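For reference, the structure is listed below as structure tokens.
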Amino acid sequence: MPGGDVRAGGGLERFREVQLPSVTATRLDGNLCATAIRGELTPRVAVFASAHGRAPSLHILLVGDDPGSQVYVRNKERACIETGLHVTVHRMSASSTREQVLGLVHQLNADAGCDGILVQAPLPAALGKAATQDVFDAIDPGKDVDGFHPTNVGLLVQGRAVLAPCTPTGVIELLERSKIAIGGTRSVVIGRSEIVGKPMALMLLQRDSTVTICHSRTKNLPAVTRDADLLVSAIGRPGFVTADMVKPGATVVDVGISPTSDRQLVVSLFGEGSARLASFDKKGTTVVGDIHPGVWDVAGAMTPVPGGVGPLTIALLLKNTLVAAESRAGR
Ligand code: NAD
């Protein structure tokens with residue numbers, strides 16, 4: 001199996017009962033694709049820097065001390081530096097008020113030297129439910145490198161986005177660079193979030209796929225997913241998509257990222273004696289996706305977790321920062 005460390009045998013009973021033709025999926029390598037994208041950006045960043053006397057500049061707001069967010073922000077910061085972008089991380093305490101966060105966003109909107117603003121989600125719960133949307137809405141759409149502002153969402157719906165959400169854009173880049181056909185396919189997206197599911201479906205639709213969006217209230221989900229030539233899962237439920245839910249030969253993209261320290265879960269997904277379990281036993285933790293490892297034996301092509309969509313999300317953030325800087329400079 002191209003996943004390297006996967007074992008189908010330890011999976012769900014539902015999977016074991018089904019007789020499927022044996023196919024071995026091609027591994028869609030997100031690390032390779034992200035490296036290629038980042039390699040293309042570096043000279044463009046240098047051209048911008050020499051033309052404008054400064055590098056494109058990203059400002060990241062990190063509010064509170066969520067451990068996952070700290071890791072994500074550190075990775076984004078490192079990637080910016082490696083690509084020659086200027087990056088500033090604004091760390092604000094968990095007790096910051098909505099007004100303080102909005103105040104910093106307004107200040108960055110007015111700063112001519114700031115090209116991109118990223119507010120790391122989730123914001124602390126104490127800020128209130130509506131705060132995240134209020135903060136995203138306050139970002140200058142021209143600096144909205146996450147592509148979450150209603151103006152950018154509207155442009156995406158109309159098929160003329162300049163700054164589109166990084167994760168689904170990364171999936172499209174991976175599919176196109178891997179020469180996976182999208183036009184004329186039947187695709188199914190599981191998950192309808194604003195940041196992944198909905199924009200993913202729009203991007204596939206714009207490339208002439210016939211798209212179905214599934215969610216937690218979809219009835220008889222396996223019957224729907226079995227129809228997909230292209231299946232994208234973005235729900236955050238480990239091993240949710242099993243082999244019996246996948247059409248043989250389909251392309252399967254796993255957006256889900258679930259960090260886990262549950263050994264039993266790792267055994268049930270990868271099996272006793274698997275390399276993944278050995279690695280888990282050393283570290284005490286691992287990251288798993290939505291797609292059950294048994295799907296490697298059914299799909300035609302598939303993304304691994306880790307090393308699939310994750311690296312592309314960061315590469316597309318770098319690209320959006322450069323595009324924001326170039327667009328603002330060209331105004
Ligand atoms: P979300 O929680 O906002 O949305 C989850 C979606 O899954 C919802 O639309 C819900 O209806 C659907 N869902 C939940 N349970 C379901 C079920 N049993 N059947 C069908 N649908 C179900 O999540 P999100 O922000 O879109 O993220 C989804 C996953 O993708 C998470 O694991 C997240 O960590 C991951 N993610 C990865 C990247 C990356 O770079 N790879 C980026 C963003 C998000």
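What you are looking at is a predicted structure, and each value in this text was computed from that prediction instead of being measured. Residues: numbered from 1 along the sequence shown. Atoms within each ligand, like the ligands themselves, are counted from 1 in listed order.
No chain of hydrophobic side-chain contacts below 4.5 Å, direct or via other Ile, Leu, Val, Met, Phe, Trp or Tyr residues, connects V298 to L230.
The proximity of I195 to ligand 1, defined as any non-hydrogen pair under 4.0 Å, is limited to the side chain.
G197 does not count as a contact of ligand 1, since none of its heavy atoms falls under 4.0 Å from the ligand.
Looking at G256, A234, P122 and measuring to atom 27 (O) of ligand 1, the nearest heavy atom belongs to A234.
Nearest approach of P311 to A34, heavy atoms of both residues: O-CB, 3.6 Å.
With S209 contributing its side chain and V211 its backbone, the two residues share no donor-acceptor pair below 3.5 Å. Between the N109 side chain and the A138 main chain, a donor and an acceptor come within less than 3.5 Å of each other.
In terms of protein heavy-atom proximity, atom 29 (C) of ligand 1 is closest to G236 N, 3.6 Å. Among all protein heavy atoms, the one lying closest to atom 2 (O) of ligand 1 is I235 O, 4.9 Å. Atom 23 (O) of ligand 1 has its closest protein heavy atom at S193 CB, 4.3 Å.
Against a heavy-atom cut-off of under 4.0 Å, R237 is close to the following atoms of ligand 1: 14 (C), 15 (N), 16 (C), 18 (N). The contact set between ligand 1 and V196, taken as ligand atoms under 4.0 Å from a residue heavy atom, comprises 26 (O), 43 (C), 44 (C). Taking a cut-off of under 4.0 Å to the non-hydrogen atoms of T313, the atoms of ligand 1 that pass are 39 (C), 40 (O).
Looking at ligand 1, you'll find an N or O of S216 within less than 3.5 Å of one of its N or O atoms.
Contact annotation: the side chain of T167 approaches that of V309 to within less than 4.5 Å [non-hydrogen atoms, C-beta and beyond]. Considering only heavy atoms from C-beta on, I117 stays 4.5 Å or farther from V145 through its side chain.
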R263 and D281: salt bridge (Lys or Arg N to Asp or Glu O under 4.0 Å), yes or no, with the steps? CA-CA 8 Å; R263 189 176 192 279; D281 283 338; 2.9 Å; yes
